[in-house]
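Written out below as structure tokens is the structure these notes cover.
Just so you know, these numbers use all the heavy atoms, side chains as well, and skip hydrogens, waters and symmetry mates.
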Amino acid sequence: MYHKELCPFICLLALLAFNYPILSLAADNLPSYLYLSWGVLILVVALVTTLRERRRRKMG
Amino acid sequence: MIAGWLLEIIILCYLCLLFFIAYVAERRENRGKSLVTNPYVYSLSLAVYCTSWTFYGSVGNAATSGLSFLPIYLGPTIMAILWGSLLLKIITIAKRHRITTISDFIASRYGNSLRLSALVTVVTIIGITPYLGLQMKAIMSTFTIMAGKSSGTIASGWVIALVLGIFAMIFGARRLDSSERHSGLVLAIAFESLVKLVAFLAVGIFVTYGLFNGFTDIFARIDSSAYRHLLFIGDGGAVSYREWASLLFLSMMAILFLPRQFHVAVVENSAPSHIAKAMWLFPLYMLLMNLFVLPIAFGGILLGNPRLEADSFVLTIPLSQGNSALALLVFIGGFSAATGMVIVESLALSTMMMNSLVMPTILRFKHIQDFPLVLLNIKRLLILGCVFLGYFFALSIGRFYSLVEIGLKSFEAITIFAPSLILGLYWKKGNRKGAMAGITAGFVVWFYTLLMPALIRADVFSPQGFWGALLTHDLLNPHALFGLTGLDRWTHCLFWQLLFNLSAYVGVSLFSSQNEVEERQGLLFVESYDAKLVFRRSVYTISQIENILEQYVGKSEALDIVSRFLVRESIDRREITQEDLIRLRNEAERVLSGVLGSSISTIIFEDKATLTEEERGELSNSIKQMTSSLRLSRHELADANRHLAYLKEFSENIIESAPLGIVTIDAGLAVKYWNREMEQITGVDRAKAINQPIKPLLPWVQATAWIPDQQKEMVAESASGQIIKLNVSPFKDPSGGLVAILENITEKRKMEESLLQTSKLASLGQFTAGISHEIGNPLASISSLVQELQSIDLHSPQELRFTHESLQTINNHLARIAKIVRSLGDFARISGAEKTSADIVELLVQTLNLVKYDKRSRKIEFITEVAPIPLLEVNADQIQQVFLNLVINAIDAMADGGRLEISVAHHPPWVVLRFTDSGCGIDEKVVGRIFDPFFTTKPLGKGTGLGLSLCYGIIKDHNGRISVASQKGRGATFEITLPTKKANE
């Protein structure tokens with residue numbers, strides 16, 4: 001999947017993860033869910049952008 | 001508590017530190033050693049988003065509404081994922097057009113409309129001033145808490161506002177060009193972001209681990225308390241899912257459209273590549289900033305602090321625990337959060353006011369003396385005015401509302417621009433009238449549903465009479481417009497605002513037409529075209545452009561701008577072309593956009609436009625034609641793009657999979673491409689090679705290889721001892737450069753040497769019988785003489801003479817045998833692959849001497865005709881092998897005897913050798929194949945079919961030619977042409 005499509009896809013997943021009804025599924029431990037998924041999201045974005053930058057640098 | 005005067009000194013010291021940091025950053029920038037041109041400072045400067053609302057308000061919000069503070073930070077995190085495309089597009093357009101504010105951006109998209117720019121500015125000022133006031137309110141209220149009394153707070157607030165204004169003036173408005181980056185300001189903001197993060201983490205750790213036993217303890221206690229609902233959203237929670245989604249959306253828009261965010265993210269961006277790191281660093285900052293919000297809020301409640309004062313829990317908790325040092329750190333952190341916002345926001349607002357409201361009014365006075373200085377001073381006054389506007393708002397209305405309420409009202413106001421701006425970037429049909437209608441509709445809804453109730457609450461409007469009747473009307477109730485109930489106020493305002501805004505924008509755009517300028521700007525923004533490539537514009541002379549610039553930026557600056565352009569583009573002022581003048585005009589317009597805003601700069605140049613009606617008509621038609629053809633070809637373009645992407649990947653795969661090292665070099669001899677095989681050959685990673693000079697990377701290649709004149713081929717030995725064949729060709733590109741292909745031929749060389757050795761031994765094998773006879777005869781003679789000598793009496797004089805003569809004969813025979821063996825040894829030895837200067841006639845004689853030992857050669861008459869020739873640059877072993885193969889083949893072809901004529905001639909710059917035999921000849925049908933490997937006309941087991949193929953390869957390697965002419969039964973002639981040194985040069 002190209003980066004151009006990957007980012008909107010991650011954005012869509014993030015919107016789903018931080019909205020109803022997914023939030024209602026994690027209602028029992030909501031603060032933990034929110035902070036953990038926030039951290040995971042940052043990690044995923046860091047991974048995607050770093051790999052893309054590395055690839056771009058390699059390709060010159 | 002800390003005495004008020006001491007607090008004032010501490011604040012002033014902190015502000016002095018900020019001045020120092022900004023000063024150092026600017027000095028370093030001027031010396032070309034920028035401290036701010038990196039993604040980390042860029043990300044930290046984006047954290048100006050976290051204001052006193054974050055620092056104090058989030059805790060207050062968490063204490064009253066649970067998790068509802070989180071969407072304000074989750075929204076930007078989600079939006080940041082799209083920065084790689086959306087923010088990049090905005091930055092690209094803004095930099096190209098020198099756009100410095102959100103109002104300029106929107107106005108520029110819709111045909112540089114001055115009215116639209118003014119409308120956006122007015123909406124922003126009304127929407128953002130409360131937010132600015134919120135910061136001043138936070139500074140003053142925390143000052144009161146720290147000092148323990150409210151007396152002197154207003155005066156201190158006044159002084160602080162003044163110092164902040166001066167700071168913004170010094171580091172944000174030193175020059176008139178707003179598109180110029182402010183490195184001092186950015187580093188100061190980044191520093192403040194660090195301070196507020198450290199302060200918040202410190203108080204968070206203090207509460208969580210100092211006053212309680214960690215997160216689990218606090219959450220367990222709150223879970224079993226009456227405030228359990230704060231842990232939930234939705235049914236039974238402190239916030240509904242609808243409100244949660246609305247806040248998420250509002251914050252997603254705010255991170256893009258808040259004037260200060262636009263300023264730091266777009267105007268202060270020094271390299272688009274910084275966006276990639278900011279996409280996760282900025283969300284990480286927000287995550288850290290929010291890590292302890294819930295523990296502090298819950299801690300405050302559990303410690304018995306009143307929830308109504310939750311906005312100040314961050315400060316009151318350490319104070320109530322007697323930890324004044326921590327409280328002071330928190331105060332400075334909160335002060336940083338507020339001041340950072342005030343400085344950047346007032347700078348951004350003042351630029352908007354200057355470009356959209358002030359400039360159109362005072363433009364008519366452009367002829368007054370020192371007009372640029374007047375403009376600069378007005379801008380400085382505006383900055384100060386913005387800061388004090390916030391200060392007075394904090395004093396008047398701010399006291400009625402919490403930090404969160406004020407902040408969210410601003411977020412709602414900024415969201416009004418979302419349809420016009422986002423759709424304007426992707427929908428060419430959107431026009432100025434639609435944008436005006438949409439923004440106006442959105443603003444009216446926002447004002448009525450959010451601001452009006454606030455003004456009534458602050459007694460600006462009376463709740464009685466007309467307003468009272470309006471507010472209690474079934475359909476016009478601002479909290480339940482048209483009878484819509486069940487929505488919280490944020491969702492309610494957002495819903496109606498977006499509905500009216502979008503409907504008006506899309507509807508009016510669809511039913512009204514665009515003028516030429518709007519069409520042009522639509523194309524430029526949606527397709528990201530460069531204006532100079534698309535439109536031909538009216539031409540001014542250099543002097544006219546200088547005169548226009550001079551009026552607004554001053555004479556020296558104007559001359560500087562023009563001369564910088566001429567130097568950069570390498571244009572001679574006397575020989576400037578019309579195309580160059582158009583580009584200079586575009587440059588001048590862009591510079592003026594940075595100074596006056598895009599709308600004004602367009603007006604300035606259009607006022608002086610010299611287009612005739614006919615030209616305008618032509619321009620209009622060409623734009624329409626271009627627009628329709630662009631529309632039609634969009635699908636084709638998409639297909640072509642896909643195909644191009646496939647081809648790109650395909651060709652990259654080929655280059656990467658090739659067993660050849662491929663490197664491309666630009667005109668400056670810097671590496672631009674370095675494939676995987678290059679990594680294998682050199683041991684240098686691609687990342688380390690890209691953009692590096694080629695010579696140090698391949699030190700074993702002669703420097704002349706990189707002179708970009710013509711194609712070159714050479715063999716070199718690498719540092720690791722590999723034999724590398726190098727082919728360097730000039731790039732067929734106007735920008736120049738080279739492409740080099742490297743082949744590791746170490747194994748190939750070894751195989752060639754092995755093949756040569758085998759071939760030589762095979763050749764020797766072919767005349768072993770003859771040679772053994774040549775050695776056998778003298779050996780037999782020696783043997784019989786030795787037997788004779790054993791039986792003779794050495795005392796007889798005759799026998800003594802016989803002995804002497806016999807020994808002489810034996811010695812002669814031994815010398816002959818030694819000569820044969822030496823010849824064989826010389827021939828069988830491989831001396832190396834190097835080419836050296838050699839006398840090939842001598843090589844030919846040596847070969848013939850060797851062959852003459854073969855008894856078959858006795859039937860052959862050897863005739864040689866040799867002309868004087870120069871020494872040739874050859875590999876002697878290889879050339880001797882060629883001669884031997886040709887002579888042996890000739891002998892084989894003349895089994896019953898015959899004649900072999902060998903001639904050597906010099907036809908400068910070539911040497912030609914002919915081997916003509918009178919043998920059986922070669923069938924014409926196969927004569928074309930005799931140089932093919934494994935092809936032989938000899939009987940099975942007699943020939944390998946490699947001899948002539950080897951000859952062909954050797955002569956080719958010497959840049960020579962070998963050919964044959966033959967007919968069955970009429971012998972054959974082999975002709976070898978070798979270059980002299982001159983020909984090789």
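Note: B/Leu67 CG to A/Tyr35 OH = 7.5 Å, rounded to the nearest 0.5 Å. With values rounded to the nearest 0.5 angstrom, B/Ile78 atom CD1 is found 7.0 Å from A/Asn19 atom CG. Here the SG atom belonging to A/Cys7 is positioned 12.0 Å from the CG atom belonging to B/Leu86, to the nearest 0.5 angstrom. In this structure, B/Leu230 CG and A/Leu30 CG are separated by 12.5 Å, a value rounded to the nearest 0.5 Å. In this structure, CZ in B/Phe282 is found 10.5 Å from CD1 in A/Ile42, a value given to the nearest 0.5 Å. A distance of 6.5 Å separates CG of A/Leu15 from CG of B/Leu248, quoted to the nearest 0.5 Å.
Heavy atoms of B/Leu70 lying under 4.5 Å from chain A belong exclusively to its side chain. Interface remark: B/Met286 contributes backbone and side-chain atoms alike to the contact with chain A (heavy atom separation under 4.5 Å). Both the backbone and the side chain of B/Ile233 come within contact range of chain A, each with at least one heavy atom under 4.5 Å from a heavy atom of that chain. For a residue to count as touching a neighbouring chain, one of its non-hydrogen atoms must lie under 4.5 Å from one of that chain's; by this rule B/Leu287 touches chain A with backbone and side chain alike. Proximity to chain A involves both the backbone and the side chain of B/Leu231, based on heavy atoms less than 4.5 angstrom apart. If you measure heavy-atom distances from A/Leu41 to chain B, the contacts under 4.5 Å come from the side chain alone. Using a 4.5 Å cut-off between heavy atoms, B/Phe219 touches chain A through its side chain atoms alone. There is no contact between B/Asp685 and chain A, counting heavy-atom distances below 4.5 Å. Neither the backbone nor the side chain of B/Leu281 comes within less than 4.5 Å of any heavy atom of chain A.
With respect to chain A, the highest number of heavy-atom pairs below 4.5 Å among B/Thr664, B/Asp223, B/Leu284 belongs to B/Leu284. The candidate from A/Asp28, A/Asn29, A/Leu34, A/Ile10 with the greatest count of non-hydrogen atom pairs under 4.5 Å with chain B is A/Leu34.
Between A/Ser24 and B/Tyr241 there is a side-chain heavy-atom pair separated by less than 4.5 Å.
Applying the 6.0 Å contact sphere to OH of A/Tyr33 captures more than 12 heavy atoms from other residues, nucleotides or ligands. B/Asp235 CG: 12 or fewer foreign heavy atoms inside a 6.0 Å radius.
Formation of a donor-acceptor pair under 3.5 Å by the A/Tyr20 side chain with backbone atoms of B/Arg242 is not found in this model. At distances below 3.5 Å, at least one donor-acceptor pair connects side-chain atoms of B/Trp244 with backbone N or O atoms of A/Phe18.
Taking every heavy atom of both residues into account, A/Ala14 and B/Ile81 meet most closely at CB-CD1, 4.2 Å.
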**OP:** Go through the steps to decide whether A/Val45 and B/Trp83 satisfy the test side-chain contact (heavy atoms from CB on, under 4.5 Å), and finish with yes or no.
**Re:** CA-CA 11 Å; A/Val45 175; B/Trp83 278 359; over 6 Å; no
